[in-house]
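To start, the structure itself, in structure tokens.
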Amino acid sequence: MSALLESYAAGRWHRADDEGRPVLDAVTGEEVARISSTGLDLGAMVAHGRTVGVAALAPLTFHERAALLKAVAKHLTEVKDELYELSFRTGATRRDSAVDIDGGIGTVFSLASKATRELPHDTVHLDGGLEPLGRAGTFVGQHVWTSRPGVAVQVNAFNFPVWGFLEKLAPALLAGSPTIVKPAAQTAYLAELVVRRIIESGLLPEGSLQLLCGSPAGLLDELTVQDRVAFTGSAHTAGLLRGHPNVLHGGVELTVEADSLNCSILGPDVAADDPELDLFVKAVVTEMTVKAGQKCTAIRRVIVPRPLVGTVTDALAARLATITVGDPRSDDVRMGALVSLEQRDEVRKAIQSLRASADLVHGDPDRVEAIDADAERGAFLSPVLLRAHDGAVEAHDVEPFGPVSTVIGYDGLDDAVALAARGKGSLVGSVVTHDPAVARHVVLGTAPWHGRILVLDRDDAQEATAAGGHGSPLPVLVHGGPGRAGGGEELGGIRGVLHHLQRTAIQASPDMLTAITGRWTPGSQRSDDGTHPFRKSLATLRVGDTIASASRTVTLADIDHFAEFTGDTFYAHTDPEAAAANPLFGGIVAHGYLVVSLAAGLFVDPDPGPVLANFGVDHLRFLTPVKADDTIAVTLTVKQITPRSNADYGEVRWDAVVTNADDQPVATYDVLTLVAKEWPQA
Ligand code: NAP
């Protein structure tokens, strides 16, 4: 008997106490492993995540969690050859596995680095700006995101055992949520190997990752209000999970990524000899054949202007004829096997349903020549192209989860948009056009039905293809879709992390908000101990440290000089008559940039010191015009301190308020600087 897959539960590897059921090699039909969760204490797993896992992850800052993830991604990069080798047994070619394995690892790297740049070195993240709630400024509101003391359960589909796991793990871990991963049985051996390598590495704190190999029956019974389930799979299973009492009444959050009848639309502007036609045909064939079409984002519906249906169908058939099928290890093979013989039966049934209102134009669903393989023992299937009859319904309802697409003709752009909408909600759509008006019409018409839309033409083709094209979810863009696609949303950079956090509106005084958020809140106390804050390293600088500058009068000579020196001779600064006629100024005013430059001259401490550089300003607003002979002063306050883990300096965000002699705010902005951790530096 081959190895029985183990689960990693409550801090140890668990082996089921029965023999389990076999999981077969997609290519040879041989047994790869056995799988069973008999004897697994699911309640203990959930409790372990909630106690040990939460205790380890919740106190870590977003940056510390990102560092853990980066280390995991580096480790997986070192062991990826082993993953590629095992992945062949799922039917995947090396190119297919790159999407799964390198795509998964790349997603972890990408999210870790985004979190370091966009989230604070803290456990609380602010959402939006401060909301004044009273006239005197003693009562304000701020939305904040914090971790939940629950577990993130992921239930995955068979097609991306590595990417599917990692793209859900990274956002959950960044949010401080321990994960319990339940891979699909057919490819669980590959997910198990990845989890095993992560656990062995010791990089993640105990409790932050557990693995359930085998049946998850009873798992949802253990979940409560702070727990979350992210499901990827069929609409049927999604329906079962949606009906679970703990989801219906117990506050367990469930997100679903399910079936999707994605489409690609060829614009009516495209002529037979335009480069867009070739791009369209290539994209459809790629989507049909990568991963043998077992991709939730694959193009199932090929929507084409009616006069071009014949041309497009012929071009697709000609290109599909070059697709070789067989052992994914063979260099001669372009498309491997489906994941299992059962899956092939499912796809054949779906093709049969589609044929009720579509003609078969390429491929034999019952026969294929398999290179270096036994076509009957392995789950091989020819790519199959169909052409829909007018008014066909099946093409919009039946999801053949394999290398199958249907060409559908349309009459006019509104018809194309209406056909796209008949998918009842999709993960991704694409429009291939070089006409901006067509792009706008189709994108705005189909956007309510899609989570992501690719607009492809000769200008972006090279980079769009390098980025994976229609079918590749990207870590920085949302993955999910409305309606039939499940209504869920994953990834999208930091958006994916926020799904795991709780947003809470905090109402308090500015001082209380400063204490709660770790960021200085306008209106709260400032601290001036007599030492200029530019003399303080990160080790001694504190949120709230302030410098209130001396004042300075801005003269007409200053304004003239600045205009001449910079070349900014805009009339409001140089032409008294024209400036007087300006309804906002009524006379010569100082340049906003002059005010900001003079403010810098007022607040800096010029000698060499721990402040290393100014790397920008945020949120700059000019609020009151400064006229000749007005007096200005500036108050600079430390708002946020963010040490960088990979450098001997960190970022300091300063609140800057420039005021005039009447104490009116003239300009407000955040100054961004880099400050040494220690000064003098060792
Ligand atoms: P599936 O049968 O729904 O299985 C998906 C997962 O759910 C598997 O891990 C499965 O475990 C588990 N599961 C089955 N019954 C369950 C239950 N009663 N309670 C909890 N978990 C249960 O889907 P599939 O046929 O493997 O996957 C293909 C489908 O997934 C296609 O329809 C495709 O469109 C969809 N898909 C969607 C996306 C997306 O991102 N939107 C991505 C990939 C695939 P076992 O394997 O142990 O049964």
Side-chain angles (χ1 to χ4, degrees), residues 1-9 12-15 20 22-35 68-110 112 154 156-170 173 179 181-204 208-214 290-292 294 326-331 333 336-337 339-340 372-373 378-379:
M1 193 189 76
S2 57
L4 183 62
L5 298 179
E6 293 180 324
S7 295
Y8 186 71
R12 66 181 191 89
W13 286 97
H14 168 91
R15 210 179 152 77
V23 181
L24 304 185
D25 186 309
V27 181
T28 63
E30 289 163 7
E31 192 172 301
V32 181
R34 287 183 163 253
I35 188 165
L68 291 180
L69 277 177
K70 201 170 163 194
V72 165
K74 276 190 185 155
H75 182 68
L76 291 179
T77 306
E78 283 162 20
V79 300
K80 74 179 178 183
D81 288 349
E82 189 187 8
L83 307 180
Y84 269 90
E85 189 52 37
L86 190 58
S87 182
F88 283 129
R89 306 201 74 175
T90 70
T93 62
R94 210 176 159 77
R95 183 173 164 221
D96 296 338
S97 299
V99 180
D100 191 29
I101 297 168
D102 276 299
I105 296 171
T107 298
V108 177
F109 272 125
S110 167
Q154 42 164 285
N156 291 333
F158 64 79
N159 56 344
F160 288 109
V162 184
W163 178 85
F165 155 47
L166 294 177
E167 65 100 12
K168 288 190 172 85
L169 173 72
L173 202 132
T179 285
V181 51
K182 156 39 198 142
Q186 297 102 311
T187 54
Y189 49 89
L190 184 49
E192 193 248 21
L193 181 60
V194 180
V195 172
R196 195 174 279 282
R197 293 295 171 256
I198 295 175
I199 298 294
E200 279 169 5
S201 74
L203 290 166
L204 291 187
S208 50
L209 175 60
Q210 298 181 80
L211 171 72
L212 191 176
C213 283
V290 168
K291 231 22 216 180
Q294 300 168 112
D327 184 341
R329 289 179 174 82
S330 165
D331 290 341
V333 163
V339 75
S340 64
D372 295 342

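Residue numbers count from 1 along this sequence.
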query: If we only count heavy atoms from C-beta on, is the Asn156 to Trp163 side-chain gap below 4.5 Å?
result: no
message: So which atom in Ala184 and which in Ala157 form the shortest heavy-atom distance, rounded to 0.1 Å?
response: CB-C, 3.5 Å
query: Which pair of heavy atoms, one from Cys213 and one from Ser7, lies closest together, and at what distance?
result: N-OG, 2.8 Å
- line: Gln294 and Val339 have their tightest heavy-atom pair at OE1-N, 3.0 Å
task: Any chance you could measure Ser97, atom OG, to Leu83, atom CG, to the nearest 0.5 Å?
output: 9.5 Å
- prompt: Is Ile198 close to Leu209 at the side-chain level, that is, under 4.5 Å between some pair of heavy atoms?
  reply: yes
query: When Leu193 is tested against each of Leu86, Val162, Leu5, Val79 for side chain to side chain contact (heavy atoms under 4.5 Å, CB included), which residue passes?
result: Leu86
- prompt: Any side-chain heavy atom of Leu68 sitting closer than 4.5 Å to one from Leu203?
  reply: no
Axial cation check for Tyr8 ring with Arg196, 6.0 Å and 45° limits: no
query: Any side-chain heavy atom of Asp100 within less than 4.5 Å of one from Leu190?
result: yes
Any Lys74 side-chain heavy atom under 4.5 Å of Phe109 side chain: yes
field: Considering all heavy atoms, the nearest Ile101-Ser87 contact
entry: CD1-CB, 4.1 Å
- prompt: If we only count heavy atoms from C-beta on, is the Tyr189 to Thr90 side-chain gap below 4.5 Å?
  reply: yes
message: For Lys291, is there an ion pair with Asp96 - N to carboxylate O distance below 4.0 angstrom?
response: no
task: Measure across Glu6 and Leu211 and return the closest heavy-atom pair with its distance rounded to 0.1 Å.
output: O-CD2, 3.6 Å
message: Could you check whether any side-chain heavy atom of Thr179 comes within less than 4.5 Å of a side-chain heavy atom of Lys168, counting everything from C-beta outward?
response: no
message: Assess whether a salt bridge exists between Arg329 and Glu85, defined as any Lys/Arg side-chain N lying under 4.0 Å from an Asp/Glu carboxylate O.
response: yes
- prompt: Do you know the tightest heavy-atom contact between Thr77 and Ala73?
  reply: OG1-O, 2.7 Å
